[in-house]
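Positions are given from 1 along the sequence.
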Amino acid sequence: MTNAAAPMTAPDRSDGPAHVAIIMDGHGRWAAARGLPRAEGHRRGVEALRRVVRASHELGIRYLTIFSFSSENWSRPASEIGDLFGLLRRFIRNDLATLHRDGVRVRVIGERDGLEPDICALLSEAEELTRGNTKLTLVVAFNYGSRQEIARAAQRLAREVAEGRRAPASIDADAIGAHLDAPDIPDPDLIIRTSGEQRLSNFRMWQAAYSERVFVPMHWPAFDKAALEGAIAEFGRRERRFGGLVAKTAS
């Protein structure tokens, strides 16, 4: 989004998924197919994110989770990591005011220990400034890995047991879920992965237990409102059983 964008207005929609999560894949392949450096693919990916945040509100989505930086991404070349962090800094500095004006609440999940202090400060600033917003919640999974998230939850529960504040027998699925990142946010109804890959790649594995998954062949920098609408239409054709009777998705 840019500062010239019109303010968001409340959408008149009640159908479709309330929570969409997106694995934004294919930045480098998009760039390579055009003879461009990988950094340009990431830059265009930020433009796609702006489009999708706006489209999500227009389509009545209440929660949008994006996989922006995986805990496994540290294995990439240092120059590429530097480019990614630079994009994050610019996105928050340039777009935060617009997100706030448009009623978007920013939440950040993932491990912050070890991140550069200015990155931590920017993430905290985004959360604090937008805390009272209610039109759309943008959940940014940054330095995030699902296995690591579950391990942190297990460590918190183990400390409670060791300190005598919890009985081991009280640890069930609800207890684990309550100790995961942002437990107040509902599980994704729909998970979209771009670039044609058909795996979760350590993304929200606990929360994805009953999520519908749509794998889109296009690379993330090309993703737009029409592609999002197509994924939502596919979601609407699914029958969601949840282990019991058929629960037809909204269409």
Side-chain angles (χ1 to χ4, degrees), residues 1-24 27 42-69 84-110 112 118-144 181-182 184-192 194 204 207 216 218 220-233 235 250:
M1 293 174 298
T2 65
N3 289 332
M8 291 181 177
T9 57
D12 183 20
R13 292 181 61 92
S14 60
D15 59 346
H19 184 175
V20 174
I22 304 180
I23 302 172
M24 306 180 297
H27 303 75
H42 291 301
R43 191 185 71 79
R44 297 294 184 92
V46 171
E47 295 177 2
L49 175 58
R50 293 186 179 109
R51 294 194 297 268
V52 170
V53 169
R54 181 155 206 72
S56 294
H57 179 76
E58 293 170 353
L59 295 171
I61 294 166
R62 300 296 300 166
Y63 300 88
L64 174 67
T65 297
I66 58 166
F67 202 4
S68 65
F69 188 82
L84 289 169
F85 277 53
L87 282 171
L88 174 68
R89 290 182 175 98
R90 288 194 293 276
F91 178 76
I92 294 178
R93 288 167 179 159
N94 296 338
D95 291 62
L96 182 57
T98 303
L99 290 170
H100 182 45
R101 183 200 68 190
D102 287 344
V104 177
R105 183 180 184 184
V106 178
R107 299 284 297 276
V108 182
I109 59 174
R112 300 195 199 186
D118 74 309
I119 292 289
C120 291
L122 285 171
L123 296 177
S124 296
E125 177 187 355
E127 289 186 303
E128 288 300 320
L129 178 65
T130 63
R131 184 176 298 277
N133 295 339
T134 59
K135 289 185 178 178
L136 171 71
T137 297
L138 175 63
V139 184
V140 180
F142 188 80
N143 195 25
Y144 172 85
D181 295 351
D184 57 310
I185 291 176
D187 294 344
D189 301 295
L190 170 63
I191 295 177
I192 302 168
T194 59
R204 303 303 265 171
Q207 296 84 351
V216 181
M218 71 174 57
W220 173 250
F223 200 82
D224 56 13
K225 182 179 180 180
L228 180 59
E229 288 177 317
I232 291 173
F235 170 86

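- Contact record, G16 with F235: C-CE2, 4.2 Å, taken as the closest heavy-atom pair.
- In this structure, H19 and Y63 have tilted ring planes: the angle between them lies in the 30° to 60° band.
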**Prompt:** Would R204 and I109 satisfy side-chain contact (heavy atoms from CB on, under 4.5 Å), going step by step from the backbone distance to the final call?
**Reply:** CA-CA 10 Å; R204 303 303 265 171; I109 59 174; 3.4 Å; yes

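- Taking the side chain as every heavy atom from C-beta outward, R62 and T137 never approach each other to under 4.5 Å.
- Using a distance-only test at 3.5 Å, with no hydrogens or angles considered, no donor-acceptor pair links the side chain of D102 to the main chain of V104.
- With rounding to the nearest 0.5 angstrom, the CZ atom of F67 is 15.5 Å from the CD1 atom of I192.
- Listed for the R51 side chain is no donor-acceptor partner under 3.5 Å among the backbone atoms of K225.
- A227 and M218 make their closest contact through CB-SD, 3.8 Å (heavy atoms, listed as atom of the first residue, atom of the second, distance).
- For the pair Q207/P188, a side-chain contact is recorded, criterion being any heavy-atom separation below 4.5 Å from C-beta on.
- When all heavy atoms of L228 and A55 are compared, the closest pair comes out as CD2-CB, 4.1 Å.
- Between the side chain of D189 and the backbone N or O of A18 there is at least one donor-acceptor pair closer than 3.5 Å.
- A231 and L190 get closest at one heavy-atom pair: O-CD2, 4.0 Å.
- Between the NZ atom in K135 and the CZ atom in R105 there is a gap of 16.0 Å [rounded to 0.5 Å].
- Between the CG atom in L138 and the CD atom in E127 there is a gap of 10.5 Å [rounded to 0.5 Å].
- Considering CG of D95 and CZ of R50, their distance stands at 4.0 Å, rounded to 0.5 Å.
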Derivation and outcome, side-chain contact (heavy atoms from CB on, under 4.5 Å), residues T130 and L96 | CA-CA 9 Å; T130 63; L96 182 57; 4.0 Å; yes

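- Here the CG atom belonging to D118 is positioned 9.5 Å from the CZ atom belonging to F85, to the nearest 0.5 angstrom.
- A donor-acceptor pair is defined here as one N or O able to donate and one able to accept, closer than 3.5 Å; no such pair exists between the side chain of W220 and the backbone of T194.
- Side chains of R112 and N143 form no contact here, defined as non-hydrogen atoms less than 4.5 Å apart.
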With salt bridge (Lys or Arg N to Asp or Glu O under 4.0 Å) as the test, would you mind laying out the steps for D181 and R107 before giving the verdict?
CA-CA 10 Å; D181 295 351; R107 299 284 297 276; over 6 Å; no

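- Going from atom CG of L88 over to atom CG of L123 covers 6.0 Å, rounded to the nearest 0.5 Å.
- Nearest approach of G103 to N133, heavy atoms of both residues: O-CB, 3.2 Å.
- At least one side-chain heavy atom of F91 sits under 4.5 Å from a side-chain heavy atom of L99.
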